[in-house]
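A quick write-up on the structure given underneath.
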There are 2 protein chains.
Amino acid sequence: MADSSYQDLRQLHLFEAMADDHFAALMRCAFVQTFPPQVELITEGDPSDFLHIVLSGAVDLFSIWNGRETSMATVRPISTFILAATIRDAPYLMSARTLEKSRIALIPSEEVRTVFGVDDGFARAIVSELAQCYRSVIKAQKDLKLRSSTERLANYLLRAQLRTGGQAEFHLGMEKRRLASVLGVTPEHLSRAFRGLQSHGVLAEGARIRIEDRSKLERYARPNPLIDDAAS
Amino acid sequence: MADSSYQDLRQLHLFEAMADDHFAALMRCAFVQTFPPQVELITEGDPSDFLHIVLSGAVDLFSIWNGRETSMATVRPISTFILAATIRDAPYLMSARTLEKSRIALIPSEEVRTVFGVDDGFARAIVSELAQCYRSVIKAQKDLKLRSSTERLANYLLRAQLRTGGQAEFHLGMEKRRLASVLGVTPEHLSRAFRGLQSHGVLAEGARIRIEDRSKLERYARPNPLIDDAAS
DNA sequence: CGCCCGGTTGACAAAACTCAATCCCCGTGG
DNA sequence: CCACGGGGATTGAGTTTTGTCAACCGGGCG
């Protein structure tokens with residue numbers, strides 16, 4: 001593995017506290033691969049052979065049932081996905097595909113579980129990571145069950161503005177059809193939801209979004225730290 | 001704490017692998033309390049002062065936003081709730097209330113974190129528990145995003161039948177208004193969804209449900225292990 | 001007995017989806 | 001350089017799903 005990747009990974013919160021030789025052991029059987037966009041990395045239901053880590057690019061976690069598909073989350077550098085499946089040695093609950101050209105590190109799940117069994121710092125880091133993931137999903141579920149689609153879009157835009165640096169004008173990081181899937185609506189409906197937010201100060205021109213008056217949008221969206229704050 | 005409660009807790013997967021003296025330390029500052037029905041045990045947004053464990057009865061985890069309320073999960077004996085908040089020392093994301101008269105064990109979060117820091121078996125047990133919780137919520141989210149309300153009800157009934165022992169006739173463990181909230185619909189809509197399932201072999205008379213022909217209902221519901229199986 | 005409350009029903013309204021047509025950007029190839 | 005084609009985005013019309021409001025039913029309990 002390239003030295004730069006090695007260093008990037010070592011600094012991940014997940015690997016920070018573990019013993020050097022255990023980290024080295026993980027890295028020995030890990031490898032990094034670059035994938036073009038739109039490649040399916042894993043398929044739900046498959047056994048979890050590798051822990052995946054996004055080093056660059058972006059990965060979409062999605063799921064299919066009865067011919068319908070929905071996007072569950074986007075994974076951006078540098079973070080892992082399907083940690084829970086790896087730890088429990090259980091099948092993937094979601095599929096994953098690259099959104100852009102992406103560099104992915106793969107660590108055999110077997111080896112992750114072995115090191116988990118012997119390295120206490122690693123075990124505790126995993127607790128922290130999983131607790132974080134759990135709380136994120138709970139927030140997503142509250143978003144889904146308590147808000148209308150337009151309210152979800154409004155709050156999504158408020159979060160996206162912060163994530164991209166807080167400028168009044170920013171760029172949606174994805175196609176609108178995929179944003180629709182993330183929000184749990186059809187692309188047509190999303191289009192109408194955007195129009196519905198015009199009166200609350202949202203200007204959308206393609207993927208470029210402009211929030212004219214954040215506090216006005218907030219009055220409509222009513223963001224809540226227990227749903228929308230990334231931290232905590 | 002009563003000796004029987006002590007033994008019950010000790011056998012929990014979460015506490016099984018930990019050192020005796022660490023378990024004893026947790027128990028020393030823990031206490032068990034019995035609550036009547038409909039008591040609010042915790043409120044979302046509050047700091048997570050205690051890890052809660054349901055010893056008997058049942059607890060509803062719910063959440064409120066902008067005047068709307070939704071039921072997120074039901075906790076039945078013997079299991080914990082708000083473990084993630086305790087570990088991260090973060091505010092509760094959900095509120096909790098007793099559904100019936102319930103015995104609840106409370107362990108100060110501070111103490112849980114302390115023992116987590118020193119007992120490796122406990123730390124690993126928490127990993128396993130959190131990974132399980134995480135996967136459960138992911139399944140719930142797939143259920144919500146990929147299925148219509150009637151499909152959710154149909155699959156819920158199939159799961160409930162298995163959970164209660166597999167008899168053709170069984171009892172809903174809760175009021176229908178709460179089931180509606182769990183499924184993310186209004187009580188009126190749930191009522192209509194039940195009627196819609198009559199043609200798929202579901203007979204509902206109050207809280208008593210009868211599934212005339214499970215395979216017929218399954219043809220409609222299309223249950224999927226990656227959404228509906230409790231294990232894995 | 002009569003009240004209260006959960007459940008059901010009906011009528012209507014709002015939200016969201018479907019299908020089809022069109023637009024428009026962008027990249028390709030002539 | 002421009003015409004063409006493809007795919008995402010938008011728009012419109014109509015349908016389905018879900019929610020709202022009000023009325024009513026019926027069992028359990030004081």
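Residue numbers start from 1 in every chain, and the chains themselves are labelled A, B, ... in the order their sequence lines are given, proteins ahead of strands. In this text the structure is predicted, and so the values were computed from the model without any measurement. Reckoned from all heavy atoms, side chains included, excluding hydrogens, waters and symmetry mates.
B:Glu175 comes within contact range of the sugar-phosphate backbone alone, with a heavy-atom separation under 4.0 Å but no base atom that close. Counting any heavy atom pair closer than 4.0 Å across all strands shown, B:Gly196 reaches no nucleic acid atom.
One atom, CG of A:Leu183, and another, C1' of C:dA16, lie 13 Å apart when rounded to the nearest Å. Regarding B:Leu172, its CG atom lies at a distance of 10 Å from the P atom of C:dG7, rounded to whole Å. One interatomic measurement links the two molecules: CZ of B:Phe194 to P of D:dT18, which rounds to 15 Å at whole-angstrom precision. In this structure, the CD atom of A:Gln38 is 13 Å from the P atom of D:dG7, given to the nearest Å. In this structure, the CZ atom of B:Arg68 is 14 Å from the C1' atom of D:dT18, given to the nearest Å. Computed from coordinates, the B:Leu144 CG to D:dT18 C1' distance equals 14 Å when rounded to whole Å.
The aromatic rings of B:Tyr220 and B:His200 sit parallel to each other, their planes meeting at less than 30°, with 60° as the upper class boundary.
Between A:Glu218 and A:Arg214 there is a salt bridge, since a side-chain N of the basic residue sits under 4.0 Å from a carboxylate O of the acidic one.
Checking C:dG6, D:dG19, C:dT9 against the side-chain heavy atoms of B:Arg195 singles out C:dT9 as nearest. Residue B:Val185 places its side chain closer to D:dG19 than to any other of D:dG19, C:dT18, D:dA9. Relative to the side chain of B:Arg192, the nucleotides C:dA11, C:dC17, D:dA9 differ in distance, and C:dA11 lies closest. In the set C:dG6, D:dT11, C:dA16, the nucleotide with an atom closest to the side chain of A:Ser191 is D:dT11. In this structure, of D:dT20, C:dA16, D:dT10, it is D:dT20 that holds the atom nearest to the side chain of B:Thr186.
The residue from B:Arg178, B:Arg177, B:Arg97 that alone fulfils the side chain to side chain donor-acceptor pair (under 3.5 Å) condition with B:Ser71 is B:Arg178.
A cation-pi geometry, defined here as NZ or CZ lying under 6.0 Å from the six-membered ring centre and within 45° of its normal, does not hold between A:Lys139 and A:Tyr134.
Side-chain to base pairing of B:Arg178 with C:dG6: no donor and acceptor N or O lie closer than 3.5 Å to each other.
In terms of phosphate contacts, B:Ser149 brings a side-chain nitrogen or oxygen within less than 4.0 Å of OP1 or OP2 of D:dT18. Note on A:Ser148: every side-chain N or O is 4.0 Å or more away from OP1 and OP2 of C:dA15.
Of the two residues near DNA chain C, A:Glu188 and A:Thr150, the one whose nearest nucleotide lies more 5' is A:Thr150.
A donor atom on one side chain and an acceptor atom on the other are not found under 3.5 Å apart for A:Gln167 and A:Thr164.
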